[in-house]
Structure formats: C-alpha cells, structure tokens
Amino acid sequence: MDGKLVTIQTHIVQQQQLHPEASGHFTALLWDLVLAVKMIAREVRRAGLIDILGAIGRENVHGDEVKKLDEYAQERITESLCQNGHLCCMASEERAELIPIPTRYRKGKYVLLFDPLDGSSNIDVNISIGTIFSIHRKITPGDDGRLEDCLQPGTKQAGAGYVIYGSSVMLVYTVGHGVHGFTLDPTVGEFLLSHPDIKIPPKGRIYSINEGNAQAWDPGTAEYVHHLKQRDPATNRPYSLRYVGTLVADVHRTLINGGIFMYPASPKPKLRLLYEANPMAMVVEQAGGRATTGRERILEVQPTELHQKVPLILGSTEDVKAYEEFVQRKR
Ligand code: AHM
Ligand code: MG
C-alpha cells in the first residue's frame with residue numbers, strides 16, 4: 001500500500017482494531033488532539049505575521065516566562081479535548097493544578113497529560129518547537145479524574161507522542177504497537193503516514209546535552225561525554241554534538257538518526273516526568289531504544305507529584321547502556 005494515502009485518522013482506526021474490546025473513545029480523543037495540533041501548527045506558521053510572538057508578561061508554575069503561543073496551545077488543547085466525553089481530567093506543564101472537565105460536559109475514562117508548547121525559549125528565534133502528550137486510563141472510581149489518575153508510572157500509558165513544528169509539521173505517536181510518524185500536508189490539512197514503524201538505530205554517532213552545564217556534571221556524565229569526544233573510528237568516535245534546546249526536536253533527531261540525548265541529574269533535573277520524560281520514553285522504547293534516569297528505567301519511576309522533574313537520558317540502546325555503565329562505575 002502507498003503510505004502517502006494513509007491519513008492519521010485511518011491509521012488510528014486501524015490501530016484500534018488491534019484491540020477488539022475498544023469502545024472508540026480512545027480513537028476519538030486522538031482525533032480531537034489532532035484537530036488542536038493542526039490549529040497550533042497554523043498559528044506557529046503565522047507567528048511572524050500576527051501579534052502572537054513574545055511573552056504575555058507572567059510566569060508559569062516553573063517560573064518560566066509564559067509566551068503567547070504557549071497560552072494559545074494550552075487553550076486549543078483543553079477546549080478541543082474537554083467537550084466530547086473522552087477524558088476525566090487533564091494536567092499540563094502550564095498549569096499548577098489538575099485541570100477538571102467542566103461540569104457541563106460528560107466525563108470519560110482517559111487522562112491527558114501534556115506539554116502544550118515545548119521549547120518555548122525557541123519560539124521567538126524561529127527554531128523548532130513541539131507539543132508532547134501522554135494518555136492514561138482512569139483508575140479511580142467515580143466520574144471525576146483525581147490526582148492518582150495522573151500519578152501513574154509510564155508503563156501504564158495507553159498512548160503517547162509528540163508533534164514537531166519544524167521545517168515540516170510531524171506527529172509521531174505510539175499506542176504500544178510501534179511508533180508511527182505522519183507529516184502534515186498543508187495543502188489538504190491532513191497528516192499523512194510518512195514514517196511507518198520507526199526503529200531507532202541501535203547505535204548512533206551524535207550526542208546531545210547542554211554543554212554549558214559541564215562544570216556541574218556528575219563524574220559519570222562528565223567521563224562519558226569526554227569518552228565520546230576521543231578519536232576511535234571503529235566506534236564512530238568522536239561523536240558529533242547537536243543540541244537544539246527543544247526536547248521534541250532533540251528526541252526526534254535521536255529517534256531518526258540514533259545517538260543519545262542527556263539531561264542529567266546535575267546540576268539539577270529540568271525535564272518533567274509526566275509531560276516530557278514518560279511520553280518520550282514510551283516512544284523511544286517502542287522504537288527499540290532505551291530511556292533511563294541513569295539509575296532506573298524512566299517508565300518505572302513512580303510519580304509523586306504533577307510537576308516532578310527527573311534526569312532524562314534516552315536514545316539508541318547501545319549508547320544509553322554505555323552511559324549507564326559510566327555512571328555505575330562512578331557511583
Ligand atoms: P519547555 O519549553 O517546555 O519549558 O521545555 C524545557 C526545554 C526542553 O524542551 C529542552 O530539552 C530543555 O528545556 C533545554 O533546557 P536547557 O536550556 O537548560 O538546556
Ligand atoms: Mg517542555
């Protein structure tokens with residue numbers, strides 16, 4: 001079959017057919033999400049033309065300056081997903097508290113955790129940004145979602161993925177049967193299957209880390225990065241450094257080209273378990289890669305709070321294992 005003719009809607013339905021017991025709610029909620037990200041993509045494209053660049057003049061719960069596009073993305077996702085009875089609650093990197101479904105709408109059995117606009121500091125300089133999402137099943141009784149529904153380990157995710165607003169707009173997702181990538185054809189407004197069953201190379205030749213933090217790295221990370229810079233053609237060293245500073249872009253490159261992305265524990269973890277680490281870890285593992293805090297598998301970390309931060313090291317299995325060995329030796 002010519003992959004170009006598979007729209008994301010068709011693909012989601014086909015994936016649902018792998019679960020004969022499915023009610024269709026999960027499929028429908030992904031469709032709602034696709035609508036929201038198409039609207040965000042449109043706004044990102046026009047960002048230079050309309051008065052949407054720049055900050056709105058307040059900080060979010062992490063003390064980051066909130067940009068107008070962050071707020072636009074937040075609103076499109078919550079609006080599109082709260083109305084159709086698929087979700088019991090949401091939680092977002094941009095909101096301190098759990099986001100309830102307004103009482104006028106029906107409640108559903110899924111939970112959506114998301115980072116509406118990842119890479120905010122890159123918005124104003126025309127560098128790729130993204131949206132990240134993670135979907136869980138409700139586990140508590142009653143109609144309304146509770147904190148416990150959000151604080152489930154990543155192994156329990158029903159689906160996860162991201163959108164990259166880059167030189168083209170791509171949506172990459174998994175529901176536990178591999179990872180599939182779709183490219184938005186702006187002329188027809190559809191995401192078309194462009195990257196079926198993505199597999200991350202077992203080993204790469206690129207490392208991705210904020211080198212500006214080198215003085216504060218733990219000895220394991222410092223020695224591993226030093227090792228990658230030594231010349232040894234047999235093992236592809238020295239590796240090249242690439243660091244966009246937008247997690248979605250750095251993970252997307254790692255997924256396609258292989259290699260390793262690191263945001264270690266030192267100087268301090270920055271990335272959020274629920275909105276960034278867990279969904280990216282599910283995608284990377286489903287593509288055959290590996291994701292760790294350096295000490296444990298990301299997907300097995302038990303969340304204790306909505307905005308918990310974790311070290312995140314992910315990528316090609318051989319590269320991530322090598323990192324773990326360096327860290328282990330220095331412990
Ligand atoms: P945010 O824009 O959602 O706040 O995301 C945080 C970003 C990630 O996209 C990226 O990986 C990381 O922060 C870069 O951090 P740093 O500038 O410390 O290297
Ligand atoms: Mg982010």
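As the structure lists them, so they are numbered: ligands from 1, and atoms in each ligand from 1.
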Novice: What's the shortest heavy-atom distance between R272 and H307, and which atoms?
Specialist: CG-O, 4.4 Å
Novice: For S80 and I77, indicate whether the former's side chain and the latter's backbone hold a donor-acceptor pair under 3.5 Å.
Specialist: no
Novice: For L314 and T254, work out which heavy atoms get closest and say how close.
Specialist: O-CG2, 4.3 Å
Novice: Taking all non-hydrogen atoms of both residues into account, name the closest pair between V310 and P269 and its distance.
Specialist: C-CB, 3.5 Å
Novice: For ligand 1, is any non-hydrogen atom under 4.0 Å from N213's backbone (N, CA, C, O), its side chain (CB onward), both, or neither?
Specialist: neither
Novice: With a cut-off of 4.0 Å, which atoms of ligand 1 are near a heavy atom of E93?
Specialist: 1 (P), 3 (O), 4 (O)
Novice: For ligand 1, which atoms, with element, lie under 4.0 Å from some heavy atom of E276?
Specialist: 3 (O), 5 (O)
Novice: For ligand 1, which atoms sit closer than 4.0 Å to a heavy atom of S120?
Specialist: 2 (O)
Novice: Among T317, I200, I260, whose side-chain contact (heavy atoms from CB on, under 4.5 Å) with R290 holds?
Specialist: T317
Novice: Can you tell me if R329 has over 12 outside heavy atoms packed within less than 6.0 Å of its CZ?
Specialist: yes
Novice: Any atoms of ligand 1 less than 4.0 Å from a non-hydrogen atom of D115? List them with their elements.
Specialist: 3 (O)
Novice: Enumerate the atoms of ligand 1 whose separation from the nearest heavy atom of L247 is less than 4.0 angstrom.
Specialist: 8 (C), 9 (O), 10 (C), 11 (O)
Novice: Report yes if the distance between the aromatic ring centroids of Y162 and H252 is under 6.0 Å, otherwise no.
Specialist: yes
Novice: Does ligand 1 have a heavy atom under 4.0 Å from the side chain of E94, from its backbone, from both, or from neither?
Specialist: neither
Novice: For the residue pair F326 and Y224, is the inter-centroid distance of their aromatic rings smaller than 6.0 Å?
Specialist: yes
Novice: Looking only at distance, does N210 have an N or O less than 3.5 Å from an N or O of ligand 1?
Specialist: yes
Novice: For D250, is the nearest heavy atom under 4.0 Å from an atom of ligand 1?
Specialist: no
Novice: Going by the atom numbers of ligand 1, which of them fall below 4.0 Å from some non-hydrogen atom of D118?
Specialist: 1 (P), 2 (O), 3 (O), 5 (O), 8 (C), 9 (O)
Novice: For atom 18 (O) of ligand 1, tell me which residue out of Y243, F261, Y263 has the closest non-hydrogen atom.
Specialist: Y263
Novice: I'd like to check which ligand 1 atoms, numbered from 1 as shown, lie under 4.0 Å from a non-hydrogen atom of T246.
Specialist: 9 (O)
